[in-house]
Student: 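Handing you a structure now.
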Amino acid sequence: MAEILFHNTLTGRTEPFVPLVPDEVKIYTCGPTVYDFAHIGNFRTFVFQDVLRRFLRARGFRINQVMNLTDVDDRIIERAAAAAIGIREYTEKYIQAFLDDRRALNLEPPEHIVRATDHIGDMVRLIQILAEKGFTYTSEGSIYFRIAKFPAYGKLSRINMSGIQAGTRVDVDRYDKADARDFALWKAPKPGEHFWETPIGPGRPGWHIECSAMAMKYLGQTLDIHSGGVDLTFPHHENEIAQSEAATGKQFVRYWLHSEHLLVDHEKMSKSVGNIATLRELFAQGAKPSTVRFLLASVPYRRQLNFTEESVQGAASSVERLRNFVARLRAEKLPPGADEGMAARVAKASEDFDAALADDLNTAQALAAIFDLVRDANTAMDRGEFRQGDAAPVLGALERFDAIFAVLTDDDAAKLRALGIGAAGAVVTEAEIEALVAERQSARKRRDFQASDRIRNELSERGIILEDTRDGGVRWKRK
Ligand SMILES: [Zn+2]
């Protein structure tokens, strides 16, 4: 099997991946800040992390993954106060929505999903350790991390520290590299704000300390992999390294993996452009869960992903092609025997699929291996050269594919219903209909009436009626 290589942001190099303890991989992934519904840019990162854990498990590793839910930060406190409710009550709705959205996308639950507000004591203890070691100072009731005391500060994001004045502070959780300063570990409460009474005084944690505290609580002082969106590299992950390594004196994370941005129609998602889409909005517009998962997984994580109407349609027809192929494989009456050429073909496709994923999760390459196999198997079937004994190995290759990509089970309608999105959300597009009609025509041509009936029934279930014309053509209309 091909050696696993990951691009490590910390070294800037693509390196062989070897976990600290054989057979077990400790992963920490920064979860969402639950002040609103997560958007598709967030889900790009979560899908990448899901592909990562599924691939490592397919390679025989035991996975121990922690994901946090940031249920206290500047924005949550502000919005909960505006709504005149507690932060726990405010975030509950978005936590549930996030977990429901994850299920719709077939994202496996990490071994630990943990809330920041359940770990205030762990954060306080970590801040106490940092204080004992002289890495902190207090100003007006807030506690700051003194970055000048940690010479390695900036090693992940490679910021230039020369222009940074020692002792200047930043109070907000999110800021730019240009504002690299001493950051808040603990914030004194402002009037009317939610706060905790603790041994280090009344207040609330800064955003960064939560991930260090929860990661080390569940995974120990050194993790194998820490991942997140590229936006988190600075300041969040830089600050996590500073807090954790200052406290333990040990390397915090061995491999840092960061996923690139998702663009919508070539533009970065932003409030000012008004192109931020939540998963539910996409579903309500007719995109299927499997389509979105496939699309988000199909572009290797370190490349920008451009989300467009065409890319959604392309992903939908790709999933459709795979599902139709599996249905054909199960339904078709095949001649007896087995073809040696096909066995070799399957072995090669499986090897290429695994090698592509081992190469820093090159999902595009992995998909190419599977689609090539499907094309060749379809051609062999059309020619009557695909035999009974070839079906099981091909299905096996598709199972290995689906253990990672998780799109073959046709349960989109049930998933949409679970999210409260009805049939209106599952409108079949004209392009989809045309593709299925063309597929049915070719099935009829090769006298595969089983496949042709299956497609007719599928369209009927989705509200499309087909009428065969006398000249052998076909018309369709919506019911
Ligand atoms: Zn984090």
Side-chain angles (χ1 to χ4, degrees), residues 8-10 26-36 38-39 41-46 48-50 52-53 64-77 91 94-95 98 102 107 110-120 122-124 126-127 130 145 153-157 170 172-177 180 183-187 204-248 251-261 301:
N8 188 351
T9 311
L10 186 62
K26 297 188 173 88
I27 308 176
Y28 187 87
T29 50
C30 291
T33 301
V34 283
Y35 73 108
D36 206 341
H39 57 68
N42 304 132
F43 280 107
R44 188 214 179 166
T45 302
F46 299 129
F48 140 62
Q49 290 160 348
D50 190 61
L52 170 68
R53 60 172 281 137
N64 191 2
Q65 183 187 358
V66 177
M67 188 184 69
N68 68 306
L69 298 169
T70 299
D71 61 349
V72 53
D73 89 327
D74 295 343
R75 292 174 295 187
I76 289 169
I77 288 186
T91 54
Y94 297 113
I95 290 176
F98 175 66
R102 288 183 62 90
L107 297 173
E111 284 62 29
H112 306 273
I113 298 186
V114 289
R115 286 183 179 208
T117 56
D118 287 336
H119 296 79
I120 301 295
D122 299 294
M123 299 178 212
V124 166
L126 185 54
I127 295 170
L130 290 170
F145 186 93
Y153 192 85
K155 68 178 172 180
L156 181 72
S157 53
V170 53
V172 291
D173 286 330
R174 283 154 222 264
Y175 51 90
D176 293 330
K177 279 186 191 178
F183 58 92
L185 298 164
W186 187 255
K187 302 187 186 193
R204 61 181 174 96
W207 171 36
H208 315 293
I209 194 74
E210 67 171 272
C211 287
S212 289
M214 293 191 279
M216 293 197 287
K217 173 174 182 146
Y218 293 96
L219 300 173
Q221 296 179 335
T222 300
L223 334 179
D224 293 305
I225 298 175
H226 193 315
S227 73
V230 67
D231 281 350
L232 296 185
T233 311
F234 187 90
H236 187 51
H237 292 161
E238 197 69 72
N239 292 353
E240 278 188 48
I241 291 175
Q243 299 160 155
S244 309
E245 298 190 355
T248 67
Q251 180 170 25
F252 176 44
V253 172
R254 302 172 60 239
Y255 300 86
W256 284 91
L257 272 55
H258 289 105
S259 58
E260 258 301 333
H261 292 294
Y301 74 97

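Just so you know, these numbers come straight off a predicted model, no measurement behind them. In each ligand, atom 1 is the first atom listed, and ligand 1 is the first ligand listed.
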Student: Keeping the roles fixed (side chain from Asp71, backbone from Thr117), state whether a donor-acceptor pair exists under 3.5 Å.
Tutor: yes
Student: Is it the case that the side chain of Ser212 and the backbone of Glu240 share a donor-acceptor pair, with hydrogens and angles ignored and the cut-off at 3.5 Å?
Tutor: yes
Student: Donor-acceptor pair, Asn8 side chain versus Trp256 backbone, under 3.5 Å?
Tutor: yes
Student: Can you tell me if Ser157 and Glu238 form a side-chain donor-acceptor pair at under 3.5 Å?
Tutor: yes
Student: Closer than 2.8 Å to the Zn ion (ligand 1), which protein N, O or S atoms?
Tutor: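 Result, waters dropped: Cys30 SG, Cys211 SG, His236 NE2.
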Student: Under the ring pair (Phe, Tyr, Trp, His ring centres under 6.0 Å) test, which residues partner His112, sequence neighbours left out?
Tutor: Tyr218
Student: For the residue pair Phe252 and Tyr28, is the inter-centroid distance of their aromatic rings smaller than 6.0 Å?
Tutor: no
